[in-house]
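Comments concern the structure below.
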Amino acid sequence: FQRVHDVSASEAGMVLGLSSAIGGWAGVTLGGVMADALRNRTVRAKMYVGVLSTVLSLPLVVGLVYTENLILAYTFNFLFSLTSPMWIGPAASTVNDLVMPRMRAVASAFYILMVTFIGLALGPYTIGQLSDSIASSGVPASEALRQGMLWGCLVYVAAFVLLALALRTIGTDEASRLSRAKALGEATG
C-alpha cells in the first residue's frame, strides 16, 4: 500500500490492521460455522470449506495486487482477510478427528507449530526474498513486490490440489481411526 498506493504507514497500518483483524475473526468464525452446518450433510464438509477458501481467496488477492484504486484495494484486502482464514478451524478440527483422543494435544501442537513456521514465518520471508530477487534485476520495487506476491499465490494452487486429494479419502480415514489404532496395538476402549 505504501509502494503502490502512496499511503502513509500510519494509514496503512490502521486500515489494514483493523480490516485484517475484523475480517480474520469473521472468516475463521464463518469457516467453522459453515463446516459445522455442512457436516450434517457430508463427512467432507471441512475439506469443502478449505477448497472454498482457496477458490474465493485467490481471485481476491490477484485483484488486490493489480488494482490501482485505493478504495477497491482496501475492499479486496478486507474480503481476502475474510475468505483466506476460513480453513483454519476446520483444518484444526480435522487433525483431531484423525487421531486417537490421547494424541490430540500433540497433534494439535504439531499442527500449530507447522502453520506458524511455514505460514507465518516462512511466508512473508519468502515473499520478501522473491521481491528482492526480482527487484535486483532492475524491476521497480512496487512491481517486484507485486510479482513476488503473485508467485506466492502458487501456494493456493498447491492447497487446492492437496485438499482435492484429501476429499477422496477423508471419510474412510475418519471412519478407520479406531481400526488403525487397534492394528498398531493401541488400547481403544
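Worth saying up front: this structure is predicted, and the values here are computed from it rather than measured.
- Under a cut-off of 6.0 angstrom, the local environment of CG in D6 is sparse, with at most 12 non-hydrogen atoms contributed by other residues, nucleotides or ligands.
- Of all heavy-atom pairs spanning R44 and R168, the tightest one is NH2-O, 4.3 Å.
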Run the side-chain donor-acceptor check on residues 127-141: report pairs under 3.5 Å with partners two or more places apart or on a different chain.
from: S131; atom 1: OG; to: L145; atom 2: N; distance (Å): 3.4
from: S136; atom 1: OG; to: S133; atom 2: O; distance (Å): 2.6
from: S137; atom 1: OG; to: I134; atom 2: O; distance (Å): 2.6

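- Pairing each heavy atom of L64 with each of F76, the nearest pair is N-CD1, 3.6 Å.
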Pair up each side-chain donor or acceptor in residues 109-120 with any protein partner under 3.5 Å, not counting sequence neighbours, and list the distances.
from: Y111; atom 1: OH; to: I88; atom 2: O; distance (Å): 3.4
from: T116; atom 1: OG1; to: I112; atom 2: O; distance (Å): 2.7

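- For the pair E68 and R146, the tightest heavy-atom approach, listed with the atom from each and the gap, is OE2-NH2, 3.7 Å.
- Applying the 6.0 Å contact sphere to CZ of R104 captures more than 12 heavy atoms from other residues, nucleotides or ligands.
- Using a 30° and 60° split on the angle between ring planes, F1 and Y74 fall in the parallel class, below 30°.
- Residues E174 and V43 approach most closely at OE1-CG2, 3.6 Å, considering heavy atoms.
- Counting non-hydrogen atoms of neighbouring residues, nucleotides and ligands closer than 6.0 angstrom, the CZ atom of F160 reaches no more than 12 such neighbours.
- Residues R180 and S176 bring a donor and an acceptor atom of their side chains to less than 3.5 Å of each other.
- Here the side chain of S57 pairs a donor or acceptor atom with the backbone of S53 at under 3.5 angstrom.
- Applying the salt bridge (Lys or Arg N to Asp or Glu O under 4.0 Å) test to every pair with at least one member in residues 82-99, sequence neighbours left out, gives these pairs: K46-D97.
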